[in-house]
Asks: 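I am attaching a structure below and will ask some questions about it afterwards.
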Protein chains: 2
Amino acid sequence: MTTAHDLTKNQSLVFSALSDARAPLSAYTILDRLREDGFRAPLQVYRALEKLLEIGLVHRLESINAFVACAHPQCHNHGTMAFAICEDCGNVREFTDDQIAERLADWARTENFRPHKTIIELRGQCQACSIGEP
Amino acid sequence: MTTAHDLTKNQSLVFSALSDARAPLSAYTILDRLREDGFRAPLQVYRALEKLLEIGLVHRLESINAFVACAHPQCHNHGTMAFAICEDCGNVREFTDDQIAERLADWARTENFRPHKTIIELRGQCQACSIGEP
DNA sequence: TCGCATATGTAATGTTATCACGAAATTTTA
DNA sequence: TAAAATTTCGTGATAACATTACATATGCGA
Ligand SMILES: [Zn+2]
Ligand SMILES: [Zn+2]
Ligand SMILES: [Zn+2]
Ligand SMILES: [Zn+2]
């Protein structure tokens with residue numbers, strides 16, 4: 001009981017697949033990569049993802065229907081995260097901005113909106129991929 | 001040539017369906033609502049949506065795979081919009097926040113990331129739906 | 001009228017996600 | 001430890017979302 005959560009076998013396999021990947025993976029891509037490990041059906045992936053998302057070890061990228069391992073798994077403190085997703089190479093940067101989180105919280109407060117989850121995603125081109133393109 | 005764009009018949013039908021709706025609609029819901037008008041296949045909806053999104057008359061809500069008519073169709077100026085989506089009643093509020101847009105632009109500048117599109121979506125509970133729930 | 005761009009109709013297919021059911025494994029409690 | 005409750009897992013079917021491919025039509029300038 002050293003780590004905060006013990007993962008089941010399936011959860012560990014899915015998390016490893018995401019950790020090993022250099023880019024976000026779709027649930028079905030994960031399934032394909034885990035067939036050798038005995039995965040047969042989408043639900044095996046989705047169930048593991050559900051738990052990993054709940055724990056906070058994995059994030060879902062809503063705008064591309066894909067999943068990434070959290071970039072800061074040690075500090076589970078994250079509230080609102082933002083993701084910059086390169087549309088060329090798939091690279092993802094995860095970051096926080098307290099001012100943005102505050103502004104959104106302010107808006108919600110004044111409008112009496114109760115946020116359960118906040119999604120911030122930048123789609124574009126990363127530095128590496130923009131080299132050579134004026 | 002009073003309006004900025006002339007819509008085709010299909011585009012007008014899809015836009016009307018979205019304008020008339022009190023909540024975001026999925027592409028397939030739009031299809032069902034337009035069957036009386038001769039729609040038969042998903043592509044008729046998706047093609048119209050593609051154009052309406054390009055023009056800026058309609059927005060896509062990435063986190064729920066649905067579409068809404070723009071709340072400010074007159075000022076086509078909008079850069080980054082944010083959406084507050086009620087998970088109970090489906091009501092959507094569209095708003096801007098220049099400070100948030102600036103912070104994101106700053107992050108992108110310093111990280112040499114070139115954003116093509118920015119997604120901000122708050123999922124939660126609107127004021128009306130939170131009355132009576134402590 | 002020809003050529004081109006845009007819009008449309010339709011079927012088929014691809015991709016993403018969930019439901020329903022039961023069995024197995026694990027944890028809880030007596 | 002044995003029974004009960006809870007959680008996890010396996011599997012097939014199905015639902016929901018989106019695109020490809022190809023044929024046809026329509027409008028417009030040369
Ligand atoms: Zn994270
Ligand atoms: Zn890149
Ligand atoms: Zn708008
Ligand atoms: Zn509501």
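Reckoned from all heavy atoms, side chains included, excluding hydrogens, waters and symmetry mates. Remember, predicted model here, so these are calculated numbers, not experimental data. Lettering of chains follows the sequences in order, A, B, ..., and the numbering in each one begins at 1.
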Asks: Assess whether a salt bridge exists between B/Arg60 and B/Glu62, defined as any Lys/Arg side-chain N lying under 4.0 Å from an Asp/Glu carboxylate O.
Replies: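 Counted as a salt bridge, because a side-chain N and a carboxylate O are separated by less than 4.0 Å.
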Asks: Please check the phosphate of D/dC17 (OP1 and OP2 only) for any side-chain N or O of B/Arg60 closer than 4.0 Å.
Replies: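 B/Arg60 to D/dC17 OP1/OP2: no side-chain N or O under 4.0 Å.
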Asks: Closer than 4.0 angstrom, basic N to acidic O: yes or no for B/Arg103 and B/Asp106?
Replies: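 The answer is no: the pair does not qualify as a salt bridge.
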Asks: Take atom CG of A/Leu13 and atom P of D/dT8, then tell me their distance rounded to the nearest Å.
Replies: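 Result: 15 Å.
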Asks: Per the end-axis method with five pairs at each terminus, what is the bend angle of the helix from C/dT1-D/dA30 to C/dA30-D/dT1, to 10°?
Replies: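 One end axis against the other gives 30°.
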Asks: Donor-acceptor pair under 3.5 Å: do we get one between B/Tyr28's side chain and the base of D/dA18?
Replies: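 Answer is yes: a donor-acceptor pair is held.
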Asks: On a heavy-atom basis, which atom in A/Ala17 and which in A/Leu34 lie closest, and how many Å separate them?
Replies: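 Smallest interatomic distance, heavy atoms only, reads CB-CD2, 4.4 Å.
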Asks: How close do A/Gln125 and A/Cys86 get, counting heavy atoms only, and between which atoms?
Replies: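 Looking at all heavy atoms of both residues, the shortest contact is CA-SG, 4.0 Å.
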Asks: Between A/Phe67 and A/His59, is the gap from one ring center to the other below 6.0 Å?
Replies: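 No, they do not, as the ring centres are separated by 6.0 Å or more.
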Asks: Taking only side-chain N and O atoms of A/Thr8, does any of them lie within less than 4.0 angstrom of OP1 or OP2 on D/dT8?
Replies: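 So the side-chain polar atoms of A/Thr8 never come under 4.0 Å of the phosphate oxygens OP1 or OP2 of D/dT8.
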Asks: Rounded off to whole Å, could you give me the CD-to-P distance for the A/Gln11 and D/dT7 pair?
Replies: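 Those two atoms, CD and P, are 13 Å apart.
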Asks: Is there a donor-acceptor pair under 3.5 Å between the side chain of B/Glu121 and the backbone N or O of A/Ile119?
Replies: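 Such a contact is absent between B/Glu121 side chain and A/Ile119 backbone.
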Asks: Under a criterion of less than 4.0 angstrom to any heavy atom of chain A, what are the 5'-terminal and 3'-terminal contacting nucleotides of DNA chain C?
Replies: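 Going 5' to 3' along DNA chain C, contacts run C/dT16 to C/dA20.
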Asks: Find out whether A/Leu7 and A/Leu52 are in side-chain contact, i.e. whether some heavy atom of one side chain is under 4.5 Å from a heavy atom of the other.
Replies: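 A side-chain contact exists here, since the closest heavy-atom pair is under 4.5 Å.
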Asks: If the cut-off is 4.0 Å, is A/Asn10 near the phosphate of D/dT8, judged by side-chain N/O to OP1 or OP2?
Replies: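 So the side chain of A/Asn10 is outside the cut-off, no N or O lying under 4.0 Å from OP1 or OP2 of D/dT8.
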Asks: Mind running a 4.0 Å heavy-atom check of residues 34-50 of chain A against DNA chain C and sending the residues that fall below it, in number order?
Replies: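 Correct list: A/Leu43, A/Tyr46.
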Asks: Do A/Thr80 and A/Thr96 have side chains that approach each other closer than 4.5 Å (heavy atoms only, starting at C-beta)?
Replies: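 Counting from C-beta outward, A/Thr80 and A/Thr96 never come under 4.5 Å.
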